[in-house]
Protein chains: 2
Amino acid sequence: MSLKETDTEQIILNAAKEVFFKKGYDGARMQEIADEAGMNKALLHYYFRSKDKLFEAIFNDAFQRFVPKIVEKMISNISIEEKIEAFVDNYITVIMEVPQIPIFILTEINRNPERIVGMMKKVGMQPDLIIAGIQNDIDEGKIIDINPRHLLINILALCVFPFAGKPLMQIMLFNNNPGSYHDFLLERKKEVSQFIINSIKNK
Amino acid sequence: MSLKETDTEQIILNAAKEVFFKKGYDGARMQEIADEAGMNKALLHYYFRSKDKLFEAIFNDAFQRFVPKIVEKMISNISIEEKIEAFVDNYITVIMEVPQIPIFILTEINRNPERIVGMMKKVGMQPDLIIAGIQNDIDEGKIIDINPRHLLINILALCVFPFAGKPLMQIMLFNNNPGSYHDFLLERKKEVSQFIINSIKNK
DNA sequence: AAATAGTTTAACCAGATGGCAAAATTAATA
DNA sequence: TATTAATTTTGCCATCTGGTTAAACTATTT
């Protein structure tokens, strides 16, 4: 494999990511991806055979980033405060690097839910472990009695929603000022974990 | 206007809603909507001129349902507990009637953010009023000191996210069992308001 | 019943879209 | 350098898509 091959491949992937993120699968056009990549449309097919295959490559990568990567911390023996803080801070940080990912994943999973099943196995996500970890903290009296699934979804909701709803929130609450919204998202790292801890810690 | 006109129009709208909700604007096909409505494709154009116009009708209606309708309660003089409970319960109830709305709105707003500006005026949504109401409760010492925008987004996130992420959550946490997930969403009416109140009430 | 207006259908079109085959160009190998 | 392999471009096609037009059909009015 020559340098050029890897190079072209990467250029295509970057262009495809940009277009797929912005327009979604159905809205994306192979021609537009080719233009974005500065090359001929047929080259896309030469490297990736079809629109589907190219999309798959983008989706897989995005999905992996979307799945929280810090299960270990969630089931370790550190304090519940540290767990929450680590999870929220890490997750918001990761998403901020590619903030279009949440809405992209949510949209495409809605369009084709079957894909997830296979995807989950590949990524090796084990929500049961997190659930069990939470239950453990409850049993040990570290936090109040709460349905672990509700708590888990609450945490995810508070982290993810501001990104999924970004265009709406930015216009509604920040006069469409991107800078303000960016700062707001940074603030949330502390704000969200504080909000959660307040709610679940035993007094 | 004959009975038939209104009737056909409504049949088209229902069919269009179904298809647009499932596939989004780009994925939806006028032919598919016509099939769903059991009529000729040209009829859609006879009644709605274009795909855009038809979509607009669907989107406007969906957007109005997506915007919380209980601002009054949020700025009234009832206790903060009652406010939160009323808001959450009402909002989750409304969305459960048409649970596809959140992902649909989030997706389409991402595809075309400009639309919101005009839309907000039509619907008459005034987030500033809610913000001010929250600030008032803070000033009166009813709840802890918190950035009202964070609190507002937290509330929305906790209500909306489980619907936006439904396909993912249902598979990840409920073995793809729709009944279980439905019950789970019902539980959230109490769970979410409790979670919020726990977090913000002064001790 | 004749005329008019409203509704529905069938047939079609121009442009776009994903994809492909073969030629042209460049790189690698002998 | 000659030959083979890899990469890129050109040109094209079958299909689909939103949209239109004119004809057919139905209900209403006179």
Side-chain angles (χ1 to χ4, degrees), chain A residues 1-62 104 107-108 110-112 114-115, chain B residues 1-62 104 107-108 110-112 114-115:
Chain A
M1 121 182 58
S2 70
L3 262 178
K4 222 167 193 177
E5 181 189 301
T6 326
D7 208 41
T8 314
E9 215 169 299
Q10 200 53 52
I11 291 173
I12 294 176
L13 284 172
N14 288 341
K17 194 192 295 180
E18 185 123 337
V19 176
F20 277 133
F21 278 2
K22 189 150 45 182
K23 310 259 179 120
Y25 180 87
D26 291 316
R29 301 284 163 244
M30 293 298 271
Q31 185 57 55
E32 193 178 350
I33 296 174
D35 292 347
E36 179 76 32
M39 63 183 63
N40 196 287
K41 185 177 56 128
L43 250 199
L44 308 184
H45 287 93
Y46 176 74
Y47 279 96
F48 293 91
R49 287 190 55 86
S50 70
K51 185 183 180 181
D52 265 291
K53 291 268 201 302
L54 179 53
F55 177 80
E56 200 87 0
I58 302 298
F59 183 87
N60 288 3
D61 183 70
F104 173 73
T107 301
E108 296 303 333
N110 184 258
R111 200 178 56 85
N112 181 5
E114 296 76 22
R115 200 197 309 266
Chain B
M1 116 183 65
S2 71
L3 262 177
K4 222 167 194 176
E5 181 189 301
T6 326
D7 209 40
T8 314
E9 213 169 300
Q10 201 52 53
I11 292 173
I12 294 176
L13 284 172
N14 288 341
K17 194 192 295 180
E18 187 125 334
V19 177
F20 277 132
F21 278 1
K22 189 150 47 181
K23 311 259 177 118
Y25 180 87
D26 290 317
R29 300 285 164 248
M30 291 300 270
Q31 185 57 56
E32 193 178 349
I33 297 175
D35 292 347
E36 179 77 31
M39 62 183 63
N40 195 285
K41 185 175 57 124
L43 249 199
L44 308 185
H45 288 93
Y46 177 75
Y47 280 95
F48 292 92
R49 288 187 52 88
S50 72
K51 185 184 182 183
D52 265 290
K53 290 269 201 305
L54 180 53
F55 177 80
E56 201 87 0
I58 303 298
F59 183 87
N60 288 2
D61 184 70
F104 172 73
T107 302
E108 297 302 333
N110 183 259
R111 198 178 58 83
N112 180 6
E114 295 76 21
R115 199 197 309 268

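Heavy-atom basis, side chains included; hydrogens, waters and symmetry copies ignored. Within every chain, numbering begins at 1; the chains are lettered A, B, ... in the order of the sequence lines, protein sequences first and strands thereafter. Remember, it's a predicted structure, so these values are computed and weren't measured experimentally.
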- Task: Taking only heavy atoms on the protein side, list every residue of residues 11-24 of chain A lying under 4.0 Å from any atom of DNA chain C, sorted numerically.
- Result: none
- Message: List the residues meeting ring pair (Phe, Tyr, Trp, His ring centres under 6.0 Å) with A:Y25, not counting sequence neighbours, and say none if there are none.
- Response: A:F55
- Query: Does B:F48 have any ring pair (Phe, Tyr, Trp, His ring centres under 6.0 Å) partners at least two apart in sequence or in another chain, and if so, which?
  - Reply: none
- Message: Please enumerate all residues that pass salt bridge (Lys or Arg N to Asp or Glu O under 4.0 Å) together with B:D61, with sequence neighbours excluded.
- Response: B:R65
- Task: Starting at atom CG of B:L44, determine the distance to atom C1' of C:dT7, rounded to an integer number of angstrom.
- Result: 14 Å
- Taken to the nearest whole Å, CG/B:L43 to P/D:dT26 is 14 Å
- Message: At under 4.0 Å between heavy atoms, how does the protein contact nucleotides 16-21 of chain D? Give one character per nucleotide, 5' to 3', with B, S or -.
- Response: -SBBB-
- Mind checking what makes salt bridge (Lys or Arg N to Asp or Glu O under 4.0 Å) contact with B:E108, not counting sequence neighbours? B:R111
- Five pairs at each end of the helix from C:dA1-D:dT30 to C:dA30-D:dT1: take the axis at both ends and give me the angle between them to 10°. 0°
- Of all the nucleotides listed (C:dT7, C:dT9, D:dT7), which has the minimum atom distance to the side chain of B:M39? C:dT9
- Task: Please list, chain by chain and in numerical order, all residues satisfying salt bridge (Lys or Arg N to Asp or Glu O under 4.0 Å) with A:E32, sequence neighbours excluded.
- Result: A:K23
- Task: Whole angstrom is fine here: how far is it from NZ in A:K53 over to C1' in C:dG18?
- Result: 14 Å
For residues 34-44 of chain B, run the donor-acceptor check on the side chains, cut-off 3.5 Å, and write out each pair with its distance to 0.1 Å, sequence neighbours left out.
unit_1, atom_1, unit_2, atom_2, d
B:D35, OD1, B:Q31, NE2, 2.9
B:N40, OD1, B:A42, N, 2.8

- Round to the nearest Å and state the distance from B:D7 atom CG to C:dT8 atom P. 9 Å
- Task: Please identify each residue that fulfils salt bridge (Lys or Arg N to Asp or Glu O under 4.0 Å) with B:R115, with sequence neighbours left out.
- Result: B:E56
- Query: Expressed in angstrom and rounded to an integer, what is the separation of A:Y46 atom OH from C:dA21 atom C1'?
  - Reply: 14 Å
